[in-house]
Amino acid sequence: MRKLAAGNWKMNGTNASLSEVAALLKAHPAPACEMLLCPPAPLLSRMADVASGTQLRLGGQDCHAEVSGAFTGDISAAMLADAGATHVILGHSERRAVHAESDDMVQGKAKAAIATGLIAIICVGETERQRDAGATLDVIGAQLLGSLPDGASSATVVIAYEPVWAIGTGRTPTLPEIADVHLFLRSRLTSRMGADALEVRLLYGGSVKPSNAAEIFALPNVDGALVGGASLKAADFGAIVAALSDAG
Ligand code: 13P
């Protein structure tokens, strides 16, 4: 399986930020891992121009479950694809929390994304309170099974484990804690999908940075990262891409 370094720019970046993408591509023209950036939607097509002819893939940060219609402010999977996206992040904890997205809604969006030919990066993760209560695996298992559409395969979905309390905080779970959750995700996916589950990329996200990337990528069942803040700077994201490439 090809590992995946994915950057989520969240609500950051303007035209001026495209110079970071050019710098990233100059420093890492042919990484051993797959490289993906998910900018805010207005930047997608211009970033696609910068990425044209390179190995950099682009993704959206959310999509609507419908193809088109009277949904002011929303964006369909087809629109993302039209703008140059091959992937879309779905069910990020910021959308689950701020926009009250349920597992059902995330599943509907994932179906729409896959029907359009996009790869759905489905995010799961526990809050600090849930972890402290010992409910981490219950929460993640329910999110995973509730958000994953029937018929999903390693070609159509990527799963990102992002503990809510590790996002943007500089804190991360211990390495054994990350490994435990990723093993759990692999086993749940295997029950659901069979042998193809071994090929599903499982990303870790939450305060990944150049200084901790290598040790996280050395863990079993960690097939890449979903990176927020550190994906905004070419030097930092490039170092994470290099660490993942070295992890083989
Ligand atoms: P940070 O890397 O900034 O903690 O964000 C992680 C994240 O939410 C990626 O989707």
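The model shown is predicted, which means the values in this text are computed figures rather than measured ones. Counting convention: from 1, in listed order, for ligands and their atoms alike.
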**Q** Could you pull out every protein residue that has a heavy atom closer than 4.0 Å to ligand 1, ordered by chain and then number?
**A**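 Around ligand 1, where the cutoff is 4.0 Å for heavy atoms, the contacting residues are Asn8, Lys10, His92, Glu162, Ala166, Ile167, Gly168, Gly206, Ser207, Leu226, Val227, Gly228, Gly229.
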**Q** Should Glu162 and Arg96 count as an ion pair when the cut-off is N to O under 4.0 Å?
**A**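 Judged by the 4.0 Å cut-off on N to carboxylate O distance, Glu162 and Arg96 do not form a salt bridge.
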**Q** Do the charged groups of Lys109 and Asp74 touch, with an N to O distance under 4.0 Å?
**A**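 No, this pair does not count.
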**Q** Say whether Gln61 and His92, considering side chains only, have a donor N or O and an acceptor N or O under 3.5 Å apart.
**A**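 No, no side-chain donor-acceptor pair sits under 3.5 Å.
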**Q** May I ask you to check whether Thr127 and Gln130 show a side-chain donor-acceptor distance below 3.5 Å?
**A**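 Per modelled atom types, Thr127 and Gln130 side chains form a pair under 3.5 Å.
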**Q** For the residue pair His182 and Tyr161, categorise the inter-ring angle as parallel (less than 30°), tilted (30 to 60°) or perpendicular (more than 60°).
**A**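 Aromatic pair His182/Tyr161 classed perpendicular.
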**Q** Please check if the number of heavy atoms outside Arg186 that lie under 6.0 Å from its CZ is greater than 12.
**A**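 Count over threshold, so yes.
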